[in-house]
Amino acid sequence: MQPQAFDQAMVNGGINPAYFWRMTTEDFAALDGFFLTSDNWPVLAPAQPSFFSLAKIEHKELPLSNTYAFFFDSQGPHGLGNLFTRALLEVLNQKGHPLPMQPEALRRIQAVREYPIAQAGTPTKWLDLLLHNGHQGRPIPASATFAVLVEIKVWHTLHNDLTAYWHAIPTAEKRGIVLGFRKEEPRDKNWVFVTHLDVALAVEQQLKASPELPNPYYQDILRHFLDHIKHMSGATPDSFAEVFAYAQRHRAELNRAQQLLKQLQPAWLAEAIAAAFGDDYVQGSSFEDRVHISPKSGGPVDYLVWFGYLLQLDVIDPSFSITLFPTGGGENLPPDMRSRLIAVFKEAGRGVERLNWFDKDWYDEMLVGKNYYLNPANGTLDALKDQIRQALLEDWQPMKNHWVG
């Protein structure tokens, strides 16, 4: 694409959709050539499973909070002393919210989990983590000269009464922190938002500059913890320098690819899938990963086609799923239809069954389904439509009399 052509593709800083309908075969070939011939692509190491992901607790707030409390406790067996607290104070300083104190104030850091916040006439609330330098954990003693109130978030939105938390801690020198992955500005001016990644990177800097090393027994736990935070933050700072340099060398090509990827609209794919079903069906609601398709003749069962993996380019084997689900959430479904459908499809031997993800949350409403794989080497829209028609012809239509009529 020539520079002037690229300018035509942009309108007021945004994309001119009409341009992409005029992209020539040569344009696509040039972009294809870039991906095939451009050497020295940055090698991005895949994220290794950590203890948090292996234990299936990566999205849970409680294990994260407990691990923070362990490492913030300066007398803990980890051997890091107050390194985590120094790192957190450095983050606050960088954000313009310093908490000045004398070095001796950091000698003993208490890390208290689920600190009770009692209010007259209301149920007790619980602060996720309270850091202070008093002689006992709770209640916070008069000997504490500073405190850091920490409300920890993973994916839940901020709905806590931060003002009540603040007034419940009598220490004069204190700071409130909302520690999360998604930025949320606290309304209370005494509180500041800090990302988990801010803390993880600050801890790594402290480790580089500090003679303190973790007890060897806890080194892997600390590494898994920091890697878990980076993974949850979508961050790979170790490879940033290489990626940055590569992006600067290939700005035009990568920008062009980025604009191309923006054309992978779920709504358009939903329309194409619905069209493949033919004139006897009508498209219903569609979302970023699925489309609802109903027979014009009506009935207690509809199709739901899941296509999200076709648009996720990090998935090596692109696939889609055709499933059946009750039209009215099961209200109009004969009591024995689910078991009957499972039995007849199993007997037919076409691979249509209760898929393993059907047993999670509302997916339980799905009756039966089958996964289909698209060959990326021939991943055209026409090939996808042909595959859907073939699936309907071989796997679904011969069994339709078991749920229609």
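Small disclaimer: the values here were computed from a predicted structure and weren't measured. Only heavy atoms go into these numbers, but all of them, side chains included; no hydrogens, no water, no symmetry mates.
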(message) Under the criterion side chain to side chain donor-acceptor pair (under 3.5 Å), I'd like the reasoning laid out for Asn371 against Ser319: C-alpha separation, chi angles, the key distance, then a yes or no.
(response) CA-CA 7 Å; Asn371 297 324; Ser319 64; 5.8 Å; no
(request) Give the C-alpha distance, both sets of side-chain angles, the deciding distance and a yes or no for side chain to side chain donor-acceptor pair (under 3.5 Å) between Asp386 and Gln390. (result) CA-CA 6 Å; Asp386 288 342; Gln390 189 74 10; over 6 Å; no
(request) May I have the step-by-step check of ring pair (Phe, Tyr, Trp, His ring centres under 6.0 Å) for Tyr363 and Trp306, ending in yes or no? (result) CA-CA 12 Å; Tyr363 301 131; Trp306 301 77; 5.6 Å; yes
(request) Under the salt bridge (Lys or Arg N to Asp or Glu O under 4.0 Å) rule, what do Glu185 and Lys183 come out as? Steps first, then yes or no, please. (result) CA-CA 7 Å; Glu185 288 296 343; Lys183 186 170 184 179; 3.2 Å; yes
(request) Could you please spell out the steps behind the side chain to side chain donor-acceptor pair (under 3.5 Å) verdict for His292 and Ser294? (result) CA-CA 7 Å; His292 176 189; Ser294 306; 3.2 Å; yes
(request) Just do the side chain to side chain donor-acceptor pair (under 3.5 Å) check on Asn66 and Arg113 with the steps written out, would you? (result) CA-CA 7 Å; Asn66 287 337; Arg113 280 283 292 118; 2.9 Å; yes
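With Lys385 contributing its side chain and Ala275 its backbone, the two residues share no donor-acceptor pair below 3.5 Å. With Gln136 contributing its side chain and Pro139 its backbone, the two residues share a donor-acceptor pair below 3.5 Å. A donor-acceptor contact shorter than 3.5 Å is absent between the side chain of Ser53 and the backbone of Pro49. Side chain of Asp161 to main chain of Ala164: a donor-acceptor pair is present (N/O by atom type, distance under 3.5 Å, no hydrogens or angles). Between the side chain of His228 and the backbone N or O of Phe52 there is no donor-acceptor pair closer than 3.5 Å. A donor-acceptor distance shorter than 3.5 angstrom exists from the side chain of Arg340 to the backbone of His402, with no hydrogens or angles considered. Between the Thr171 side chain and the Thr145 main chain, no donor and acceptor come within less than 3.5 Å of each other. Remark: side-chain polar atoms of Asn378 are not paired, donor with acceptor, to backbone N or O of Asn375 under 3.5 angstrom. Of the possible donor and acceptor atoms, none in the side chain of Arg86 sits under 3.5 Å from a partner among the backbone N and O of Gln206. Using modelled atom types, no side-chain atom of Asp198 and backbone atom of Val91 make a donor-acceptor pair closer than 3.5 Å.
Closest heavy-atom contact between Leu89 and Leu106: CD1-CD2, 3.8 Å. Listed here is the closest heavy atom pair of Leu367 and Ile342: O-CG1, 4.3 Å. Scanning both residues, Leu162 and Val178, for their nearest heavy atoms gives CD1-CG2, 4.0 Å. Residues Pro116 and Thr124 approach most closely at CB-CG2, 3.9 Å, considering heavy atoms.
Between Glu204 and Lys230 there is a salt bridge, with a side-chain nitrogen of the basic residue lying less than 4.0 Å from a carboxylate oxygen of the acidic one. With salt bridges taken as basic N to acidic carboxylate O contacts below 4.0 Å, one links Arg338 and Asp364. The existence of a salt bridge linking Lys296 and Asp279 is excluded, since no basic side-chain nitrogen approaches an acidic carboxylate oxygen closer than 4.0 Å. Lys370 has a carboxylate O that lies under 4.0 Å from a charged side-chain N of Asp395, or vice versa, which qualifies the two as a salt bridge. Under 4.0 Å is where a charged nitrogen must lie from a carboxylate oxygen, and between Arg350 and Glu394 at least one such pair does. Glu151 and Lys153 are joined by a salt bridge, as a carboxylate oxygen and a charged side-chain nitrogen come within less than 4.0 angstrom of each other. Between Lys60 and Glu58, no side-chain nitrogen of the basic residue sits less than 4.0 Å from a carboxylate oxygen of the acidic one, so the salt-bridge criterion is not met.
In this structure, the ring of Phe320 has its center no less than 6.0 angstrom from the ring center of Phe307. Ring pair Phe70/Tyr218: centre-to-centre distance below 6.0 Å. When ring centroids are compared, Phe71 and His78 come within the 6.0 Å threshold. In summary, the aromatic rings of His196 and Tyr68 are positioned with their centroids under 6.0 Å apart. In this structure, His132 has its ring center no closer than 6.0 Å to that of Phe146. Between Trp396 and Phe345, the distance separating the two ring centers is shorter than 6.0 angstrom.
A distance of 6.0 Å separates CG of Leu313 from CG of Leu261, quoted to the nearest 0.5 Å. Atom CD of Glu365 and atom CG of Leu324 lie 13.0 Å apart (nearest 0.5 Å). The distance from the CG atom of Leu149 to the NZ atom of Lys174 is 7.0 Å, given to the nearest 0.5 Å.
Heavy atoms of other residues, nucleotides or ligands lying less than 6.0 angstrom from CZ of Phe358 number more than 12. Heavy atoms from other residues, nucleotides or ligands lying under 6.0 Å from CD of Gln94 number more than 12.
Taking the six-membered ring where tryptophan is involved, the planes of Tyr281 and Tyr303 are perpendicular, since the angle between them exceeds 60° and thus also 30°.
Both the sub-6.0 Å distance and the 45° axial angle are satisfied by Arg290 relative to the ring of Phe287.
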